[in-house]
Undergrad: 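Structure in structure tokens, see below.
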Amino acid sequence: MASSTPSPALSPSHRPKEDSERPPRDIGTLYYTDLLPFTVTAAPETREFLARVADLSIEFIRSTFDRNSKILDFHQPEQLKEVLELDIPAKPLNLDQILVDCKDALKYQVKTGHPRFMNQLSCGTEVVSLAGEWLTAAANTNMFTYEIAPVFILMEQVTMKHMRDVIGYKAGDSILAPGGSVSNLYAALAARHKMFPDYKKKGLLALPGELCMFTSLHSHYSLMGAAAAMGLGTDNLIEVPVDEKGRMIPAELDRLIQDAKSKGKVPFMVCATAGTTVMGAFDPLHAVADVCEKYKLWFHVDAAWGGGVLLSKNQRHKMDGVERSNSITWNPHKLMGVLLQCSTVHFQEDGLLISCNQMCADYLFQQDKPYDVNYDTGDKVIQCGRHNDIFKLWLLWRSKGDEGFEKHIDHLFEMTSYMVMRMKQHPDKYELLNDEPECTNVCFWYVPYRLRSMKPGPDRCKLLGEVQPILKGRMMTAGTLMIGYQPLDHHPNFFRNIISSQAVRREDIDFMLEELDRLGYDL
Ligand SMILES: *Cc1c(COP(=O)(O)O)cnc(C)c1O
């Protein structure tokens with residue numbers, strides 16, 4: 001950054017005597033009142049206290065990446081309440097206790113960045129992103145106005161423009177939201193606003209009939225949440241059947257739109273999913289776009305999970321047609337590995353977000369401020385305050401560049417292929433639900449010894465579904481592996497392994513397969 005001349009008030013001769021040379025007093029016996037700002041001369045103690053907290057954080061990161069450390073030390077809630085001291089005291093506790101509290105909080109925390117944590121769509125700890133999060137906390141600002149977050153607002157503009165370029169939008173607008181669910185809600189609100197601008201003021205009476213929207217049977221449940229929150233009713237989120245790979249069937253979408261219209265309903269939006277939550281399927285975007293154009297419907301893409309593929313030349317064809325969408329949700333906290341939370345939603349048309357959500361609060365968004373108030377983002381959202389989620393994304397992207405992110409995505413897919421290849425070598429032990437995953441979700445059943453020779457059929461199916469949760473319980477007790485499971489449609493419980501961490505290597509996949517067999521063989 002450019003250097004500037006120091007202001008006269010801070011010139012060396014006027015600076016207050018630095019006490020940072022002085023060694024800190026013994027932190028353990030002190031109280032919060034012995035730190036800044038309560039004691040103005042407490043810079044050394046404040047530094048010492050924060051350095052110790054930083055050390056705890058660094059030690060947690062070190063052990064996160066240590067393959068000999070456990071992922072978790074599982075306790076039942078009742079046991080955990082006994083070992084932890086959680087009560088809020090009437091009197092202050094000294095800093096020694098506060099440091100112990102910090103240590104204990106991490107001690108029983110699941111290490112979501114561990115190379116063998118495959119449980120969630122957001123796994124992994126990116127160190128540079130963590131650095132961004134630390135500084136974000138120190139800056140502790142609110143993203144609603146340029147006035148109080150000038151650097152971060154500009155960062156947000158540049159990064160969102162970069163993401164829209166990657167998507168293939170020529171113009172547009174974007175916002176960071178607290179999670180993909182809220183991003184999807186923003187898209188649905190904008191879609192309704194575009195079609196029925198009077199709704200904002202007049203409410204339901206501005207509508208010509210019952211609105212409905214369409215998404216696939218395997219889409220994320222947040223769409224149903226949006227339908228409920230927006231007053232459509234969950235019955236008016238119409239679920240389109242999927243093919244055997246979990247992809248929306250466009251001909252069925254067309255049929256269901258006609259069907260809804262014939263019943264007097266008013267379709268306004270279709271949501272395609274790019275990377276479904278369980279199977280990782282990519283809906284055919286061009287075919288869905290064609291249907292949307294035919295019926296003049298808003299076309300939203302929920303790429304909360306799969307959006308990261310856009311960064312890789314090898315993978316981005318899965319989202320061909322995304323440039324034809326009106327809006328897209330893309331969570332950098334999933335495939336891109338940015339620390340939680342970081343979710344973005346992008347719009348092809350500029351001006352819609354503000355026109356849809358603006359309420360013109362005079363105390364925040366004065367129009368006569370001493371700068372261009374178009375830089376104030378606060379009136380584009382249904383929140384008031386907004387957390388700074390941009391710095392940890394921007395900093396990570398600066399550190400990797402587009403090239404680094406392409407490698408990042410390619411690594412995840414390479415590990416996934418390796419895992420599928422290894423599982424196929426032992427079809428007796430691992431049964432794949434989908435033997436060519438489109439994303440990094442690998443869905444499979446572990447088959448214990450006694451079921452390996454059993455005839456396929458409903459009985460074996462039922463038993464398989466019962467075995468997986470027991471195996472999950474054993475994983476958690478052992479603390480060596482974490483993989484999520486769920487049923488889907490007519491399928492009984494199966495594991496859904498997610499690779500979304502740069503820490504994962506071939507040796508971790510090998511370990512996983514052995515560990516599943518060690519823990520589950522006798523079930
Ligand atoms: C994870 C996910 C969401 C929800 O995102 P949150 O950030 O958890 O709210 C929405 N859609 C899809 C497809 C997802 O995988």
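The model shown is predicted, which means the values in this text are computed figures rather than measured ones. We use all heavy atoms of the structure for the numbers below, so side chains are in, but hydrogens, waters and symmetry mates are not. Read the numbers this way: they start at 1 and go in the same order the structure lists the ligands and their atoms. Residue numbers start at 1 and run along the sequence shown.
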Undergrad: Any pair with a residue in residues 183-196 that passes salt bridge (Lys or Arg N to Asp or Glu O under 4.0 Å), sequence neighbours left out, goes on the list, sorted by first then second residue, please.
TA: K194-E349
Undergrad: With a 4.0 Å cut-off on N to O distance, would you call E438 and K318 a salt bridge?
TA: no
Undergrad: Could you tell me if R247 sits above the aromatic ring of F282, with its cationic atom closer than 6.0 Å to the ring centre and no more than 45 degrees from the axis?
TA: no
Undergrad: Collect the protein residues that have a non-hydrogen atom under 4.0 Å from ligand 1 and hand them over in chain and number order.
TA: L121, G179, G180, S181, N184, H220, S222, T273, G275, T277, D302, A304, W305, N331, H333, K334
Undergrad: Any salt bridge linking K380 with D173? Criterion: basic side-chain nitrogen under 4.0 Å from a carboxylate oxygen.
TA: yes
Undergrad: Quick one: list whatever passes side-chain contact (heavy atoms from CB on, under 4.5 Å) with K161, sequence neighbours left out.
TA: R164, D165
Undergrad: Name all residues meeting the side-chain hydrogen bond (donor to acceptor under 3.5 Å, both in side chains) criterion together with T234; count only those two or more places apart in sequence or in a different chain, and write none if there are none.
TA: none
